[in-house]
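Here is the structure we will look at, set down as structure tokens.
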Amino acid sequence: MLPIKEQLKVIKSGVDGLIPEKLLIEKLGRNTPLRVKLGVDPTAPDLHLGHAVPLRKMRQFQDMGHQIVLIIGDATALIGDPSGRNATRPPLTKDQIEENAQTYVEQAFKILDPERTELRWNSEWIYDLDLAGLLSLASNFTVARILERDDFSKRYHNQQPIALHEFLYPLMQAYDSVMIHADVEMGGSDQLFNLLAGRELMEKMQMEPQVCLTLPLLEGTDGIQKMSKSYGNYIGLTDAPEEMFGKVMSIPDELMLKYYRLASTEDVDTIDKIEQGLAEDRLHPNKIKRALARNIVTAYYTEDVAMFAEEQFDRVFKSHDIPDDVEEVVCDLTPNDEGTIYLAALIHSIGFASSAAEARRLIDGGGVKIDGNALPEKSYHIDPETITNHVLQVGKRKFARITGAHN
RNA sequence: GGGAGUGUGCCCGAGUGGCUAAAGGGGACGGGCUGUAAACCCGUUGGCUAUGCCUACCAUGGUUCGAAUCCAUGCGCUCCCA
């Protein structure tokens with residue numbers, strides 16, 4: 001294993017908090033692999049760049065020879081983590097959880113080395129807890145202690161409901177740490193309370209407590225709220241390369257460095273140089289953002305794919321051209337008695353607008369183009385000839401080559 | 001168990017009998033500009049083959065020529081007391 005100093009440098013890069021650092025040094029000093037825990041709840045089927053932040057940190061531990069333990073919270077997902085929430089999570093069925101968990105693991109292993117990962121499901125021990133067990137577990141915490149946490153107290157003061165089962169969530173997560181004998185548990189900074197509950201419970205059960213490692217939350221593409229599927233500001237690990245590239249380009253400039261530190265594969269020294277270069281105006285923000293987008297796409301696909309994604313991006317957004325690979329869409333282009341087709345309905349039917357009325361508004365706003373030429377206002381009804389085998393564009397990003405059905 | 005509130009469009013939030021498809025803000029989308037799907041500026045934001053028609057302010061019923069607005073009951077949520 002690397003010397004402790006070297007290990008600490010890697011561990012601490014990009015982290016938000018390490019509680020307590022002294023204990024971590026002590027644990028590292030024993031020169032045996034640490035058990036490093038990350039628990040994830042399969043509440044949504046797709047992982048995004050925000051989830052990837054702790055996973056990347058896990059990978060760093062893994063590469064230094066520590067034993068990482070990835071816990072799939074299939075049991076805790078039934079409760080739903082209240083962290084940072086202002087409302088109770090909608091319940092998921094066991095089937096949904098099962099399904100989500102599958103894709104979750106698959107995507108996590110794009111970052112982690114599966115061969116050296118201990119994968120556990122917390123239903124393994126949580127389902128064995130009977131009521132008596134649960135009660136004795138609950139007796140370790142007080143209501144005041146749980147109510148202390150920011151999200152609960154906010155909800156309480158704002159007269160928003162807190163369901164009783166949500167109180168139990170931190171206990172369940174803490175119990176996971178006990179069961180797998182965690183040395184370190186990591187999570188986003190919003191997880192701090194849950195992580196500390198793990199420490200507390202371990203101590204009460206006469207174990208050496210875990211070290212809590214928190215990572216900053218990654219803001220989504222809007223640059224304001226944390227990346228989350230429910231805010232629609234996420235960059236999914238399974239997004240198409242062009243999509244991924246474009247989404248990275250859409251983050252506010254101020255967020256670039258944070259993305260470099262938390263979501264890219266670039267090492268600390270390189271990022272420091274970039275930061276300096278930007279501050280001194282030696283590096284152009286657009287170039288740096290492009291490099292970031294390429295790096296991220298490369299991490300989940302390949303370098304070639306990333307370069308192609310960049311080319312397409314330039315075609316569409318820089319030169320306002322039509323991309324190479326426009327999807328062909330077959331539509332009913334049978335004209336009515338007046339020899340026209342209702343374009344607004346067609347746009348709606350292929351999913352480019354949420355209603356025909358919206359399609360009409362888009363036409364009037366100049367957002368609908370055929371072969372790159374904007375249609376004039378009110379052209380809701382058009383001659384089918386003008387569109388058959390031509391490229392219909394709605395907004396900047398939606399393209400389709402329209403062909404008629406063969407009757 | 002008793003009492004007090006509250007429920008509006010994707011979200012927040014005004015509106016307390018007609019001028020309300022419903023102010024304002026956020027978000028989203030579209031256009032312009034550009035170094036980007038950054039920033040900034042402008043526009044749009046219930047549905048419908050559409051100068052009109054239909055559906056909408058928790059639900060149902062009522063008062064009224066006319067209700068998001070008044071009344072009744074129900075449902076949801078919150079708070080206080082026990």
Side-chain angles (χ1 to χ4, degrees), chain A residues 86-88 152-163 219-225 228 230-236 239-259 278 281-294 296-297 309-321 323 332-349 351-369 372-384 392-399:
Chain A
N86 53 21
T88 308
F152 281 153
S153 67
K154 265 192 196 139
R155 280 162 69 175
Y156 189 68
H157 287 297
N158 292 340
Q159 311 197 339
Q160 284 163 328
I162 302 168
E219 286 86 354
T221 50
D222 57 6
I224 299 162
Q225 283 184 288
S228 154
S230 41
Y231 298 139
N233 63 358
Y234 69 102
I235 302 176
D239 279 352
E242 288 93 344
E243 188 82 356
M244 201 183 258
F245 191 94
K247 282 182 178 177
V248 175
M249 290 304 284
S250 82
I251 65 169
D253 287 0
E254 303 74 61
L255 222 57
M256 284 197 289
L257 279 166
K258 190 162 182 185
Y259 268 60
L278 281 173
D281 264 341
R282 277 189 292 105
L283 297 172
H284 196 292
N286 189 32
K287 291 225 167 61
I288 296 305
K289 203 188 261 183
R290 279 167 181 279
L292 173 67
R294 268 197 312 270
I296 290 174
V297 176
E310 183 172 18
E311 273 170 40
Q312 296 307 307
F313 183 85
D314 284 344
R315 269 187 93 95
V316 175
F317 297 106
K318 217 171 160 189
S319 353
H320 301 283
D321 275 347
D332 179 12
L333 297 173
T334 317
N336 60 14
D337 297 343
E338 287 161 27
T340 63
I341 53 163
Y342 185 41
L343 181 63
L346 186 146
I347 290 170
H348 175 215
S349 73
F352 280 8
S354 59
S355 67
E358 190 190 333
R360 283 172 165 243
R361 282 182 231 119
L362 288 168
I363 291 169
D364 289 343
V368 176
K369 294 174 191 149
N373 303 313
L375 291 172
E377 280 183 38
K378 309 282 179 203
S379 35
Y380 312 137
H381 303 267
I382 59 164
D383 183 341
L392 173 70
Q393 178 180 359
V394 176
K396 287 196 184 92
R397 295 155 58 192
K398 297 183 202 114
F399 298 90

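To find a chain, count down the sequence lines: A is the first, B the second, and so on, and within it residues start at 1.
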In the strands shown, is [N] matched to any nucleotide by a Watson-Crick or G-U wobble pair with both distances under 3.5 Å, and which?
{"N": "B:G35", "result": "none"}
{"N": "B:C48", "result": "B:G52"}
{"N": "B:G43", "result": "B:C29"}
{"N": "B:G24", "result": "B:C12"}
{"N": "B:G61", "result": "B:C71"}
{"N": "B:G1", "result": "B:C81"}
{"N": "B:C19", "result": "none"}

Which pair of heavy atoms, one from [X] and one from [Y], lies closest together, and at what distance?
{"X": "A:K289", "Y": "A:V248", "answer": "CD-O, 4.0 Å"}
{"X": "A:E219", "Y": "A:Y259", "answer": "O-OH, 2.8 Å"}
{"X": "A:N233", "Y": "A:S228", "answer": "OD1-N, 2.9 Å"}

Assert: residue with more 5' nearest nucleotide on RNA chain B, out of A:E243 and A:S354, is A:E243
If each of A:A356 and A:G366 is mapped to the nucleotide of RNA chain B with the nearest heavy atom, which maps nearer the 5' terminus, i.e. the 5' end?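 Its nucleotide being nearer the 5' end, the pick is A:G366.
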Could you check whether [X] gets within reach of a base, just the sugar-phosphate, or nothing at all, counting any heavy atom under 4.0 Å?
{"X": "A:P285", "value": "base"}
{"X": "A:R290", "value": "nothing"}
{"X": "A:G395", "value": "sugar-phosphate"}
{"X": "A:K287", "value": "nothing"}
{"X": "A:Y380", "value": "nothing"}

Quick one: which of B:A38, B:G31, B:C48 gets closest to the side chain of A:K396?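 Closest nucleotide to the A:K396 side chain: B:G31.
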What integer number of Å spans the [atom1] atoms of [N] and [M]?
{"N": "B:G61", "M": "B:A67", "atom1": "C1'", "answer": "14 Å"}
{"N": "B:C33", "M": "B:A28", "atom1": "P", "answer": "22 Å"}
{"N": "B:G3", "M": "B:A72", "atom1": "P", "answer": "15 Å"}
{"N": "B:G9", "M": "B:G27", "atom1": "C1'", "answer": "13 Å"}
{"N": "B:A4", "M": "B:G52", "atom1": "P", "answer": "48 Å"}
{"N": "B:G35", "M": "B:G25", "atom1": "P", "answer": "31 Å"}

Indicate yes or no: at least one non-hydrogen side-chain atom of [X] is less than 4.5 angstrom from one of [Y].
{"X": "A:Y380", "Y": "A:I341", "answer": "no"}
{"X": "A:L283", "Y": "A:I288", "answer": "yes"}
{"X": "A:H381", "Y": "A:L343", "answer": "no"}

### Task
Could you tell me whether the side chain of A:D253 has a donor or acceptor atom within less than 3.5 Å of a complementary atom in the base of B:U36?
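Yes, the side chain and the base share a sub-3.5 Å donor-acceptor pair.
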* Examine B:G47: is either OP1 or OP2 under 4.0 Å from a nitrogen or oxygen in the side chain of A:S355? Give yes or no. =>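 Checking B:G47 against A:S355, a side-chain N or O does come within under 4.0 Å of OP1 or OP2.
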- Message: On the nucleotide B:G30, are OP1 or OP2 found under 4.0 Å from the side-chain N or O atoms that A:R360 carries?
- Response: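 No, because none of the side-chain N or O atoms of A:R360 sits under 4.0 Å from OP1 or OP2 of B:G30.
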